[in-house]
Amino acid sequence: MVTSFCEITQDEKQGRYLKTTQNVPEGSLILKEEPLVIGPEGVGVVFCFCCNKILNGVKIPVCPKCKTASVCNENCEGIWHSDNECDFFSKCSVQCGHFLVNSQIILPLRCLVFRNSNNQKWDELLKLESHLEKRRKCPVWKDIAINIEALFLNLGIISKVDVENELIQKICGILDINSFELRTNAFIDNYSSGPVHVLRGLYLKAALINHDCVGNTHLAIDDNYNLIIHASIDIPVGASVYFNYSNPLKGNNERRLILRQSKYFDCLCNRCLDPSELKTEISSLRCPRCKHGFVRPVNVDGSYNMWSCNTCQRDFSHSLVQSTIIEARALLNSLNISDIAEHEELLHKLLKTFSPNHFLLLEIKQNLIGLYTQSEPKVNKLRRKIELCEELLPLFRVVEPGLSRMQGITLYELQSARVLLAEKRVKNKEIDEKAFIEVLKDADSLLKQSIKHLLYEPKCSPEGRLCLECLGELKRIRSLMTELELSPCCNEVKSHRKKDKTSCLSEL
Ligand SMILES: C[S@@+](CC[C@H](N)C(=O)[O-])C[C@H]1O[C@@H](n2cnc3c(N)ncnc32)[C@H](O)[C@@H]1O
């Protein structure tokens, strides 16, 4: 379902895209869509055709009817192995062994099912962007020709004419350009502990949404694999609807390279065309000469030949900048992932070379927040976690404005550290009840903000569960505030009289 807020339009540079037909307020539902096909990402993934879960184990059962599709159990009630697919598998000579050896064939094969069973969907599918010409020269072309096209031809699934028409290359191009990574319900045993992106889904309408490095939508996949898209900010009438295909915490160079290699276009969005990256300095280095300025790329056309200090104008070669990044990346990769001191030491060291928001430093800072969250909540650790969250939030607001998963999670972590710290300080009699109530009021506001960001997450996703945790925490904080405000000691605080040290806070 595409809501009435949007229509499909087209131009020469960007192809087809979605545009608003009226002002769309933040939080409005733009699109809810079920996938056309779902399948595993990459080779060597064993998967249940009925429920799409990833399977572990040696003996894999098959669908009792077609005797081809791998299933988690013969009575799996999943809906994804349709009657059309079952008939298709029964009639062609593909076998379960083919899927087990090469799971790359599953998605293109699932697309082929529509060829004879649903003309409208088949036509819509083939209209999607495949970038055939650009892919022709890439290694992926040969890989598909050998591992998918040749097998399908041998099994009689496609004809020589289909090969001449490059049908399988087109379908694989369409899948690579347009499908979404899925993480919901990925694992049959415990999906939260495994690798997250093992499935891909293709959505015919959502495939028409173009990219911008600062998107204006929030995407979520629910437990039934529906893709749900909300406006993440107020979108004015006539504006393009975008989402960010890449990672907003990477630098311009890195994002553009990924987009060129995986989606075959050069991004020319406002962020990509700004050497300061919207004043975040995510790619900038500190000037080693004047020590004040930021070293940024001179060209914004993606050529990155020269970098220059914005204060003393000194030029630096791209290769020098790249080798500095490679060296720092090697140090980052060699960190012991659970060692706080090592992370802090490297952060301190790299701050001399890179801007505080440099993407490498952002990675370390995010790791540190995670490590401080897991570690024993000591006062100095809580203070440091608070500092890091406070540093990251303004940046997140720029690169992912409006409804944002990153903001929601960080706001939660910030309030949790502030409350824990205040509880300790009250216990140590370092702050009084009035100050503690102020912290609780602040936590109340942070939690409400966090809930606003996480409200659109599916209930069973880690972020959806965090949203429920926020609600629980909000309740706890409010009842604690009521308790404190009603208590005699608090009335004393309110009237600035001498405090009663044996107050309800002693419960903490
Ligand atoms: C998922 S499709 C989006 C729909 C596509 N425009 C179409 O006509 O089918 C992704 C492709 O759209 C184009 N595209 C998306 N965002 C773009 C942008 N910001 N600038 C230029 N091309 C873009 C690229 O060709 C990209 O490979």
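Just follow the structure's listing: the first ligand is 1, and inside any ligand the first atom is 1.
With respect to E281, the side-chain hydrogen bond (donor to acceptor under 3.5 Å, both in side chains) criterion is satisfied by exactly one of R296, H358, R286: R296.
The residue among F265, Y245, Y242 with a heavy atom at the shortest distance from atom 10 (C) of ligand 1 is Y245. Of the listed options N210, L18, L268, N210 places a heavy atom closest to atom 14 (N) of ligand 1. Selection from R16, K134, H211 by nearest heavy atom to atom 8 (O) of ligand 1 gives R16.
The K263 neighbourhood of ligand 1 comprises atoms 26 (C), 27 (O), with distances under 4.0 Å to a heavy atom of that residue. Which parts of ligand 1 touch E129 is read off a 4.0 Å heavy-atom cut-off, strictly below it: atoms 9 (O).
For the pair N118 and Q120, the minimum side-chain heavy-atom distance is below 4.5 Å.
You'll find the ring centres of H131 and F265 outside the 6.0 Å limit.
Looking at ligand 1, you won't find any N or O of N178 less than 3.5 Å from one of its N or O atoms. In terms of polar-atom proximity, defined here as any N/O pair under 3.5 Å, Y264 makes no such contact with ligand 1. The N/O atoms of D266, backbone and side chain alike, include none that comes under 3.5 Å of an N/O atom in ligand 1.
Between the side chains of S283 and E277, a donor-acceptor pair is found at a separation under 3.5 Å. Residues E457 and H218 have side chains that bring a donor and an acceptor to within less than 3.5 angstrom of each other.
With salt bridges taken as basic N to acidic carboxylate O contacts below 4.0 Å, one links R115 and D162. Note on R136 versus E166: salt bridge recorded, some NZ/NE/NH1/NH2 to OD/OE distance being below 4.0 Å. By the 4.0 Å N-to-carboxylate-O rule, R200 lies too far from E181 to be salt-bridged with it.
The part of I209 lying near ligand 1 is the backbone, judged by heavy-atom distances below 4.0 Å. Residue Y17 does not touch ligand 1, judged by heavy-atom distances below 4.0 Å. The proximity of H131 to ligand 1, defined as any non-hydrogen pair under 4.0 Å, is limited to the side chain.
Taking 4.0 Å as the cut-off, I177 counts as a neighbour of ligand 1 on heavy-atom distance. Under a 4.0 Å heavy-atom criterion, A207 is in contact with ligand 1.
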Acceptor/donor pairs from residues 101-114 side chains to any protein atom, 3.5 angstrom cut, sequence neighbours excluded:
{"unit_1": "N102", "atom_1": "OD1", "unit_2": "Q104", "atom_2": "N", "d": "3.0"}
{"unit_1": "N102", "atom_1": "ND2", "unit_2": "N147", "atom_2": "O", "d": "3.3"}
{"unit_1": "S103", "atom_1": "OG", "unit_2": "G42", "atom_2": "O", "d": "2.8"}
{"unit_1": "S103", "atom_1": "OG", "unit_2": "G44", "atom_2": "N", "d": "3.0"}
{"unit_1": "S103", "atom_1": "OG", "unit_2": "V45", "atom_2": "N", "d": "3.1"}
{"unit_1": "Q104", "atom_1": "NE2", "unit_2": "D143", "atom_2": "OD2", "d": "3.0"}
{"unit_1": "R110", "atom_1": "NE", "unit_2": "E85", "atom_2": "OE1", "d": "2.8"}
{"unit_1": "R110", "atom_1": "NH1", "unit_2": "I38", "atom_2": "O", "d": "2.7"}
{"unit_1": "R110", "atom_1": "NH1", "unit_2": "N52", "atom_2": "OD1", "d": "3.3"}
{"unit_1": "R110", "atom_1": "NH2", "unit_2": "F49", "atom_2": "O", "d": "2.7"}
{"unit_1": "R110", "atom_1": "NH2", "unit_2": "W80", "atom_2": "O", "d": "3.3"}
{"unit_1": "R110", "atom_1": "NH2", "unit_2": "E85", "atom_2": "OE2", "d": "3.2"}

